[in-house]
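What follows is a short report on a single structure.
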Amino acid sequence: MLNGIGCSNGYAIGKAEVIKGEPVISHQKGRTDPEKELSKYIAAVRLFEQRIKELSERLDGEDKDILIWQTYILKDPYMDAEINRQIMSGHSAERAIIAACEMYSKVLMMSPSELIRQRTADIDDVRNTMLELMSNEKTPVQWSENVVLIADTLTPSMTLGLDKKHVCAVAAETGGITSHPAILARSMGIPAVLSVEGITDIISSGDTVIVDGTNGSIIPAPDEKTIEEYQAKIEEYRRRQQAMAEYAAKPTVTASGEKIVLYANIVDPEEAEQAKALGCDGIGLFRTEFMFMDRQFPPGENEQLAIYKKAALIMGDRPVIIRTLDIGADKIPPCLETNGRLDPHSDVRGIRYSLKNIELFKVQLRALMRASAFGYIRILLPMIDTPDEIREVRKIIRDIGEDFKNRGIDFNENITVGAMAETPAACLTADLIAAEADFISIGTNDLTQFIMAANREEKEMRKLCRASQPAVQRAIAHIIKTADAAGKPVGICGEAAANLSLLPGFLEYGAKRFSVSLSSVLDVRKTISEI
Ligand code: PEP
Ligand code: MG
């Protein structure tokens, strides 16, 4: 038996698929074949039109007009001629589109009209969508059923790409409870065991393995008796899940009848359906950085709008708290420029990255604000250290709002902006942050690693990097008390919110809002009802 950290509960028996090393994205170099590049471009234009058609069926008014305008940009004779010229002179279709969009943008930027100048955002959107469509030539991996994915390091994009129909569990040599693959596995409801030393050397593709996510163990080549034992455990687990289903229809209240707000953490708008079915009071944390994974170009404004709008429409009048891009050392989308590395503790990550890459940030804020016309969207800012960062974001939001008003674009003028409290600085200045933010969300994963100075991804730091540590508990209690005193709603959205043994303490500190992964919602509701 191999031991690791059980990061997502449940049991699975399957055939191993072992992946070693990161997949490499190749970049085409050398001479191109103009005919081939031209057909690639024409095929992408068709896909583009199809995508715009599909998206515009879900939109109306100004949103629809913006989309249609994007087709005009792409089919503009000047643009088309320039792309053709670039391809014929030996450039790849991708290079031709980048160059033509750049020229088009330069022309618009010369306009005296602010409105026209702002349309360059649409050109960026067109460019990114076209590049994305042309890069989608990957052949999907064909897996049979009941695959146990085993990797040295599970990247967020590997986990995101998993098809639950085929993959029944995951295991890796690195990672811990609060690492992002673990968060994603819990969200998908598949068992995960991480930090299993040497697993990729011991197990080979095709081997039968048992994954025990509840106890954190892996059984390679199990005998008949062990397989039967685990089949019984799988059945028992399924029965327990069924029994828990009754809690989906119950409100979240303590034994003494106090109402507690229970939200869900999601990474994808489809998951909002599950959150609703589980009776959640809303979405407490929509981690948007995962939308940037597994693609070569960042999603544009319209693509993001469609995603946020979908979550907002599903949740209706319940809040959907959407966190702006939060890239960090453990989640670097390949499509973003990060100088190849990010120090987990002290680099340009979270809100720092967004404020440094303003154009990218504005695309997200504009999409969020446009989506706010369709539901109860709230904006959450990651890794806030100082109130100035919130002020800076508010200024950008105000400017976008002014532009929207001039252009008659609907949005919620009173959209609220919250701050994640997940650094010692945010904790020590919780009063200053609370004065500036509309609400606070405590990110216990990062708060724990930064307070304890213990990397959350590092196996050796397991004992120190725990939210149960007194220093972290004091920090959480302090933030709750300070936000309460300032009259600002405060919630806990890190993985500790789903740690059933810590819940009584959190309630005692005065916490009334929790946001947990979908697979923990019912357990948390049941536990709260017993406190
Ligand atoms: C946290 O740090 O607790 C949090 C919720 O953010 P993430 O896990 O995405 O870093
Ligand atoms: Mg965090």
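As the structure lists them, so they are numbered: ligands from 1, and atoms in each ligand from 1.
- In this structure, the side chain of Asp317 does not engage the main chain of Gly375 through any donor-acceptor pair within 3.5 Å.
- Ion pair Asp438/Arg394 flagged as a salt bridge, since at least one NZ, NE, NH1 or NH2 atom sits closer than 4.0 Å to an Asp/Glu carboxylate oxygen.
- With a cut-off of 2.8 Å, the Mg ion (ligand 2) has an N, O or S atom of Glu422 in range.
- The protein atom (non-hydrogen) at minimum distance from atom 5 (C) of ligand 1 is Arg287 NH2, 3.4 Å.
- For the pair Thr178 and ligand 1, no heavy-atom separation below 4.0 Å is found.
- Using cut-offs of 30° and 60° on the angle between ring planes, the pair Phe411 and Phe404 is perpendicular.
- Judged by the shortest distance from any of its heavy atoms, Ile183 lies inside the 4.0 Å radius around the atoms of ligand 1.
- The side chain of Met420, and not its backbone, has at least one atom closer than 4.0 Å to an atom of ligand 1 (non-hydrogen atoms only; side chain from C-beta on).
- Counting the atoms of ligand 1 from 1 in the order shown, those under 4.0 Å from a heavy atom of Leu285 are 5 (C).
- Considering Thr252, Thr254, Asp281 as possible partners of Lys259, the one that fulfils the side chain to side chain donor-acceptor pair (under 3.5 Å) test is Asp281.
- The atom of Asp446 that is an N, O or S and sits closest to the Mg ion (ligand 2) is OD2.
- Using a 4.0 Å cutoff on heavy atoms, Glu495 does not count as a contact of ligand 1.
- A distance-only check finds a donor-acceptor pair linking the side chain of Thr129 to the backbone of Asp125 [under 3.5 Å].
- Of the listed options Glu422, Arg323, Arg349, Arg456, Arg323 places a heavy atom closest to atom 9 (O) of ligand 1.
- Side-chain atoms of Gln364 and Thr288 form a donor-acceptor pair, as typed in the model, at a separation below 3.5 Å.
- Counting heavy atoms from C-beta on, the side chains of Val261 and Lys512 never come closer than 4.5 Å.
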